[in-house]
Q: 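Here it is, the structure in full.
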Amino acid sequence: MCKKLNPNMFKMMPRLLQSLFLLSWGLAAITAAHAGLVSPAGYEQNRSALLNAEEELMTGGHLFLNTQEAKANDIFMKYKREELSQGFQNAEQNTASLHFFKAKELIDRSSVFKFLQQMPKGAQLHLHNSAAVSSKWVVQHLSYMPGMLRCANAAGVSILSFRRMPKKHGCFTQYVAVANERRSYSDPMLYDQYFERLINLYTPMPELEYLQVWNKFQDMFDTIGDVLNYRPAFRAFHWQLLEEMYNDNIMYLELRMGLKKELYDEYGHTYPMDQAIRELIAIEERFKRLHPDFLGMKIISTTYRGASLESMQRNIQFYRELHEAFPNFVVGFDLVGQEDLGKSLYSFLPALQELPHTARLFLHAGETNQFGTSTDLNILDALLLNTTRIGHGYALAKHPVLLNAVKARDIAVELSPISNQVLSLVWDMRNHPGAQYLAMNIPLVVGSDDPGFWNAKGISYDFYYTIMSLAPNNAGLRVLKTLVWNSVRYSLLQEAEKSRAYDLLEKQWSSFINRVVAGDTEI
Ligand SMILES: *[C@@H]1O[C@H](CO)[C@@H](O)[C@H](O)[C@H]1NC(C)=O
Ligand SMILES: *[C@@H]1O[C@H](CO)[C@@H](O)[C@H](O)[C@H]1NC(C)=O
Ligand SMILES: [Zn+2]
């Protein structure tokens, strides 16, 4: 049993068998050691056999790096080791363990981060449209569009709108024009700061506001919602969304958004329900013409999970219609909102089972810390419902049978570490269960969920925590490259689209690697 694995034989095994094999092989070495049978030389041999077994099992464990990639990896690892050792010496600068709100300024200056920003990242597969664009841009552009009004709803939450009669759309108080309100401030900059707080969760002391964060988070979707139904704002916003992703070296998106919306314009005219999709397709086409190396997007339709069963059924019916009309654009369905408030997937079973067989599910599941609750079991139902990917899957680590099923069925888990931290599932990111998923080679992709609501942008900050906090210290380009390639592999691109995506990715990747090796990057 202690002789070295035959690599060819190993590669021919299916993935699941590989892991079982490595596990049992490792176990044998440990059992022997425990029984005191091991000679000093044998101890070393078995020790490195165990290390190898874990490294082989790890995400990227079998990836081969060519000479240029190996050189780029050395450069990356130098940055990474420097940052880790600096953090080890000075806890206040330990970005890997710090809350994003405390770490962001350090991350912005970090070489690892600059490397990741410039690295082609493939596809972004977990992103919600309303929260995708940086709040700074929303303030600087949308809040300066003529006609924006602000009022409060019955719960006292600010609602923004461009409608002539916002009372019908959630306003409870009188409304004021944002331009007038801004003028009444001595300093418009102060007003803009106040305004940005309406759509951004940042706080210098996240430890103090940690508990109510979900309420504020949900409120922000209400604050911005009707702004994005205003056609001029809808267009500008989604164009900026594509810009921010593209500038972060993302080449394709699967965007989650609520589709049951009625766009309106400056003349008080309202549009049919499918107008939002038509607008998005036009924006996407124009963006692709300007940026031939951007491959576009597809839409995952979302519905609030707090809805009644009847309303869920109506939403599913509406999704069916859009899916039939735009089969390669509106590709999937998902439920959104805090899982812990109840309304489990199981309770929506009668509605979810009505989905047509071509519809794919991309269910948020297990975004919780409450082991054994109905929320926690959403992962189980997501699997029984044949979900294509799992959003977050934070609780999956506690369910070994489900974890094995996810691996055996090759279902990707969409990691969004910063989201989990800001929404208070985890404080020190080194404790994020994604570390286990990487160690066990669970199929993973990285997404950024709602970056605009917490001062992030694109997907690079989530990659930063993934490689600095979730992956082991010695992990570099092999893990990164695997995650990037996974983003295409687990996407819903069709065969021809996928092979084009891989071709483009190969080109972008080798050009990036060559620039890194030549020292021709902005790091
Ligand atoms: C290492 O582990 C094996 C079991 O896999 C055990 O039989 C052997 O005694 C150990 N190696 C040595 C040389 O002690
Ligand atoms: C599950 O979904 C896949 C596509 O993701 C499909 O090929 C398969 O037939 C589905 N299985 C069942 C049992 O519906
Ligand atoms: Zn999400």
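When a ligand or atom number is given, it counts from 1 through the structure's own listing order. Source: prediction; values computed, not measured. What's counted below: heavy atoms across the whole structure, side chains too, no hydrogens, waters or symmetry copies.
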Q: Please determine whether a side-chain nitrogen of the Lys or Arg among Glu284 and Lys298 lies less than 4.0 Å from a carboxylate oxygen of the Asp or Glu.
A: no

Q: Distance alone, cut at 3.5 Å: any donor-acceptor contact between the side chains of Trp239 and Glu243?
A: yes

Q: Is the distance between the ring centroids of Phe512 and Phe115 under 6.0 Å?
A: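 They qualify: ring centres under 6.0 Å apart.
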
Q: What count do you get for protein N, O or S atoms closer to the Zn ion (ligand 3) than 2.8 Å?
A: 4

Q: Please name the pair of heavy atoms, one in Arg305 and one in Gly337, separated by the smallest distance, quoted to 0.1 Å.
A: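 Scanning both residues, the minimum pair turns out to be CD-O, 3.4 Å.
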
Q: Are Lys398 and Asp376 within salt-bridge range, i.e. N to O under 4.0 Å?
A: no

Q: Looking only at the aromatic ring of each residue, does the gap between the centers of His399 and Phe371 stay below 6.0 angstrom?
A: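 Phe371 vs His399: aromatic centres under 6.0 Å.
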
Q: Check the orientation of Tyr246 and His291. Use parallel for under 30°, tilted for 30 to 60°, and perpendicular for over 60°.
A: tilted

Q: Do the ring planes of Phe234 and His238 sit parallel (below 30°), tilted (30 to 60°) or perpendicular (above 60°)?
A: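 Taking His238 first and then Phe234, their aromatic rings sit tilted (interplane angle of 30° to 60°).
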
Q: Tyr264 and Tyr230: aromatic ring centres closer than 6.0 Å?
A: yes

Q: Identify all pairs of nitrogen or oxygen atoms, one from ligand 2 and one from the protein, separated by less than 3.5 Å, and list them with distances.
A:
{"unit_1": "ligand 2", "atom_1": "2 (O)", "unit_2": "Asn386", "atom_2": "OD1", "d": "3.4"}
{"unit_1": "ligand 2", "atom_1": "2 (O)", "unit_2": "Asn386", "atom_2": "ND2", "d": "2.3"}
{"unit_1": "ligand 2", "atom_1": "5 (O)", "unit_2": "Arg360", "atom_2": "NH1", "d": "3.2"}
{"unit_1": "ligand 2", "atom_1": "11 (N)", "unit_2": "Asn386", "atom_2": "ND2", "d": "2.8"}
{"unit_1": "ligand 2", "atom_1": "14 (O)", "unit_2": "Asn386", "atom_2": "ND2", "d": "3.3"}

